[in-house]
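Structure record follows, encoded as structure tokens.
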Amino acid sequence: MADAAEFQGTRSAPACRWYRHLAMLIAGVLLVMGLGQLPAAQSAHAESAGSRAVAISVDSLTPVAPKQDDTLTVSGTVTNNGKSTITGARVGLRVGPQVGTRSDIDDIADRSGFSPGTDGSEVGGNHTQKIDKLAPGVSQDFSLSLPVKDLDLGKDGVYPLGVTLSGQSADQPYEHVLGIHRTLLPWQPSATDGKKTKLTFLWPLISATHLSARTESDQQQTPIFPNDDLVAELAPGGRLQQLVALGKGLPITWVIDPDLLATVEAMTKSYRVGEQSDQSTPGKGQAVAKQWLNQLQDAVGGHQVVALPFGDPDLASLAHRGKDVSGALSHLQSATELASTTVDTILGVKPRTDFAWPVDGAVDSSIVDVATSAGAHNVIARSDSLRDPSGPYAPTAARQIGGGNTAIVADARLSTAFQSEMIRAGDSSLAVQRFLSQTLMVNKQAPEEERSIVVAPQRMPTTSQAQAMATALKGLSDGRWTEPLDLGDAATAKPDPSANQQVPGSGSYPDALRAQELTTEAFEQIQKTQSDLDGFKVILTAQDRVVTPFGSAIMREMSTSWRGDPKGGQAFRDAVQSYLDQLKRQVHLVRKSDATLSGRSATIPVTVQNGLLQGVQGLTLVLVSQQTNRLQIEDKQQIRIEGGRQQTVKFEARANANGPVQVTARLYAADGQPYGDPITFTVHVTSITPMVLLVIAGGVLLLVLAGLRIYLQRKRAAARKAAGGGPDEPGGGEPDDGGGSDDGKPAQPGDQAADTTAQSGGPSGPGEKVER
């Protein structure tokens with residue numbers, strides 16, 4: 001057994017040593033590999049950090065969507081942001097691996113620093129540009145051109161295209177990548193084998209509010225603009241001029257605010273500029289206004305035109321703040337009706353008015369309710385508001401949301417592609433390549449599915465943003481993977497059954513957008529102006545001269561353009577109300593001094609002044625005495641005055657007593673509502689003198705005495721009758737009114753005649769009874 005045990009032990013010891021040697025060998029190999037990779041990793045990290053020393057801008061890439069036989073030209077600038085001079089440098093191109101998703105497109109341009117594994121190797125051949133020396137802070141232009149086939153692109157798709165500057169510096173004296181800029185290259189040399197994506201691009205023609213209700217007091221009602229800023233936008237090179245020039249011939253749907261057309265049309269005639277009529281100066285934009293309208297009429301020919309409600313009212317503000325203010329929603333209906341007639345009259349085009357476009361396409365149930373209340377059955381939303389469930393592709397834009405209404409859900413990525421600042425050419429170029437790449441990726445998601453995609457960009461793009469949008473659309477003009485579609489046709493496209501049809505609740509509305517809305521107080525002020533206008537127009541003989549400019553101004557008070565400018569919106573509303581008050585004060589009572597009334601009855605004159613150019617009617621002038629026991633007045637008279645005239649009305653007054661009496665005069669409209677401010681003056685009643693009072697008192701006394709005499713005569717006649725005598729008995733007779741006897745002798749005491757004389761006012765005094 002001991003042998004056996006020893007034998008076993010001798011066999012075990014060599015095996016253990018062999019395993020230990022193998023483990024040590026493996027560990028050594030791993031250690032060597034790790035030590036070898038460490039410098040490489042450190043080198044890669046250093047190269048990534050060093051690749052930020054030079055800033056590269058790609059200002060131009062043409063063609064934006066190349067084909068197989070094209071020559072690609074990439075140009076831009078390189079800037080040394082480091083602290084040491086770069087030498088032995090060159091600019092080259094690198095093609096990375098194909099992009100797989102739309103999210104990857106968003107991420108590529110945001111990456112910074114060079115990554116050898118993902119940015120690819122430099123394109124070989126004679127396709128670089130040498131830069132011998134680049135001092136700190138210095139920029140140098142570059143331009144690279146090469147056949148597209150030399151890029152060795154693979155199958156159709158989107159590829160990242162990197163522009164790098166390689167060289168060395170004093171602190172890193174070896175060649176490495178010092179800067180990189182990535183852009184995107186959509187690659188589909190020929191038309192797709194599947195179905196093309198139908199693309200609808202909205203081209204907004206909207207501006208800020210430029211015209212209020214103020215006009216000159218002339219027959220033509222010459223408009224008064226607060227400033228002449230719109231001229232710069234309409235002039236060659238201006239924002240609105242560029243939108244029209246660029247949009248002509250593009251496959252777009254025009255979306256126009258009719259207020260802009262009405263404002264420019266007003267500029268084609270005589271107009272003035274200034275805050276006040278007496279300080280205004282002649283406007284100088286007639287020529288550019290006429291030219292712009294002519295260009296627009298030519299540009300929209302053959303295209304679909306969608307007219308927003310007049311003034312582009314803020315639908316979200318109306319839904320969240322305005323609908324509880326009485327009468328606020330009625331302006332939306334009026335704005336929609338005015339939109340159609342304005343566009344048709346000025347452009348000669350019958351527009352679509354059944355589309356509503358809330359700000360940034362952000363919707364909730366209350367916005368949809370308000371938007372569709374004025375006849376718009378199609379609401380332009382955006383996919384970051386009406387979110388679709390996660391799926392393999394972007395669904396068709398149109399979907400039914402109940403009540404016979406359709407939501408046109410614009411693609412958020414495509415719609416926001418041109419919202420960033422585009423002043424630098426590099427930003428514009430990158431936006432174009434992103435947009436084209438996204439449209440190609442949409443098509444690649446489901447090439448066998450026919451889908452309709454809508455792009456709803458920002459409402460008022462800048463000139464540079466509009467130029468970038470036009471460049472992108474021209475890149476799609478050959479129709480390799482998209483084809484254009486009008487908005488009206490997009491609204492009737494067959495909805496995708498998997499698309500979201502549920503409108504979000506009001507709590508989902510973005511806080512940032514809600515903070516920009518018009519306030520409830522703003523809508524209350526708007527309604528006050530409307531109420532004052534309603535009360536003013538009823539007295540006018542030519543109502544349109546006031547209703548038309550003020551009605552348009554009230555619609556402009558609800559404009560989306562006031563978002564982010566609350567002070568501007570408040571100032572505009574105040575100006576409209578102030579001007580309306582000024583016009584109303586043109587019809588007023590002329591201030592009157594105190595009056596003195598002579599005689600018991602006289603007339604009180606009151607003058608009404610009409611400073612308007614047109615006549616007024618339906619007014620009633622009422623005078624009210626504060627002490628009717630002293631002074632009574634015929635209380636009201638109808639008023640009608642021609643323009644620029646005044647009318648004096650006389651009221652009959654009757655005085656009952658002396659003293660001052662306060663009298664109030666006030667105008668009332670036909671509906672019984674007070675019009676304007678009342679005036680109060682004093683009437684001094686001094687015509688009832690003491691002599692007149694004495695005469696009146698004497699007359700009253702005579703009346704009393706006559707009545708007393710008749711009474712006493714009847715009483716005596718009754719007494720005689722009771723004593724057995726009377727006028728009808730023998731010896732009787734009628735009393736002697738003269739106080740004497742029949743024979744002409746003086747009456748004797750006790751005679752009947754003497755008694756009668758006493759009662760008639762003889763020596764005993766009036767009314768005194770003499771006893772026998």
Side-chain angles (χ1 to χ4, degrees), residues 213-224 277-278 327 334 528-554 576-597 601-626 628 631-655 661-683:
R214 188 175 294 277
T215 64
E216 287 280 0
S217 298
D218 54 10
Q219 192 64 40
Q220 293 75 28
Q221 285 189 280
T222 301
I224 301 176
S277 300
D278 56 353
S334 301
K528 180 184 182 304
T529 302
Q530 181 65 59
S531 178
D532 289 350
L533 177 62
D534 292 340
F536 182 44
K537 70 180 183 182
V538 296
I539 74 167
L540 304 176
T541 57
Q543 295 184 1
D544 288 347
R545 288 179 58 86
V546 172
V547 172
T548 298
F550 275 98
S552 298
I554 289 173
V576 173
Q577 181 67 55
S578 175
Y579 182 50
L580 179 58
D581 292 340
Q582 178 183 332
L583 291 182
K584 291 176 62 180
R585 287 194 295 268
Q586 295 297 309
V587 181
H588 64 280
L589 295 169
V590 177
R591 288 291 172 186
K592 183 175 177 61
S593 59
D594 293 349
T596 300
L597 186 63
S601 62
T603 59
I604 300 175
V606 178
T607 301
V608 184
Q609 176 73 47
N610 177 15
L612 300 173
L613 190 64
Q614 62 173 296
V616 296
Q617 61 186 1
L619 284 171
T620 302
L621 177 57
V622 177
L623 253 63
V624 177
S625 170
Q626 303 300 322
T628 54
L631 184 66
Q632 293 180 332
I633 303 174
E634 180 185 343
D635 61 352
K636 60 184 178 181
Q637 292 195 42
Q638 297 298 313
I639 303 296
R640 180 184 176 89
I641 315 174
E642 297 300 323
R645 303 287 184 85
Q646 64 180 23
Q647 179 181 351
T648 299
V649 183
K650 296 181 179 181
F651 288 82
E652 294 290 335
R654 180 175 296 276
V661 179
Q662 294 290 318
V663 176
T664 300
R666 184 154 204 175
L667 291 169
Y668 288 85
D671 57 1
Q673 294 298 314
Y675 181 89
D677 296 327
I679 62 170
T680 301
F681 56 93
T682 302
V683 176

_In the structure I gave you, are the side-chain heavy atoms of Gln626 and Val624 within less than 4.5 Å of one another anywhere?_
yes
*Kindly indicate whether the side chain of Val587, heavy atoms from C-beta on, has any atom under 4.5 Å from the side chain of Leu619.*
yes
Within this structure, what is the [atom1]-[atom2] distance for the pair [X] and [Y], rounded to the nearest 0.5 Å?
X      : Y      : atom1 : atom2 : value
Leu580 : Ser531 : CG    : OG    : 10.0 Å
Leu612 : Leu540 : CG    : CG    : 6.5 Å
Lys636 : Tyr668 : NZ    : OH    : 10.5 Å
Gln646 : His588 : CD    : NE2   : 8.5 Å
Lys650 : Ile604 : NZ    : CD1   : 12.5 Å
Gln673 : Asp534 : CD    : CG    : 11.5 Å

Under 3.5 Å, is there a donor-acceptor pair linking the side chains of [X] and [Y]?
X      : Y      : result
Glu652 : Ser601 : no
Gln632 : Arg654 : no
Thr620 : Gln638 : yes

[X] side chain to [Y] main-chain N or O, any donor-acceptor pair under 3.5 Å?
X      : Y      : answer
Ser625 : Ile633 : no
Arg640 : Gly615 : no
Asn610 : Gln614 : yes
Gln221 : Thr215 : no

What pair of heavy atoms forms the shortest contact from [X] to [Y], and how long is it?
X      : Y      : value
Gly676 : Arg666 : O-NH2, 3.3 Å
Leu623 : Phe681 : CD2-CZ, 4.4 Å
Phe651 : Glu634 : CD2-O, 2.8 Å
Asp544 : Pro549 : O-CD, 3.7 Å
Gln577 : Lys528 : NE2-NZ, 3.7 Å
Pro605 : Thr648 : CB-CG2, 3.9 Å

*Please check if atom CG in Asp677 has more than 12 non-hydrogen atoms from other residues, nucleotides or ligands closer than 6.0 Å.*
no
_Can you confirm whether more than 12 heavy atoms, excluding those of Lys592, are under 6.0 Å from its NZ atom?_
yes
*Go through the steps for Val616 and Ile639 under the test side chain to side chain contact (heavy atoms under 4.5 Å, CB included), then give the verdict.*
CA-CA 8 Å; Val616 296; Ile639 303 296; 5.5 Å; no
_Stepwise side chain to side chain contact (heavy atoms under 4.5 Å, CB included) test for Ile224 and Glu216_ = CA-CA 7 Å; Ile224 301 176; Glu216 287 280 0; 4.1 Å; yes
*What's the verdict on side chain to side chain contact (heavy atoms under 4.5 Å, CB included) for Gln662 and Thr680, showing C-alpha distance, side-chain angles and the deciding distance?*
CA-CA 7 Å; Gln662 294 290 318; Thr680 301; 3.3 Å; yes
*Decide side chain to side chain contact (heavy atoms under 4.5 Å, CB included) for Thr548 and Arg545; before the verdict, give the C-alpha distance in whole Å, the side-chain angles of both, and the deciding distance to 0.1 Å.*
CA-CA 6 Å; Thr548 298; Arg545 288 179 58 86; over 6 Å; no
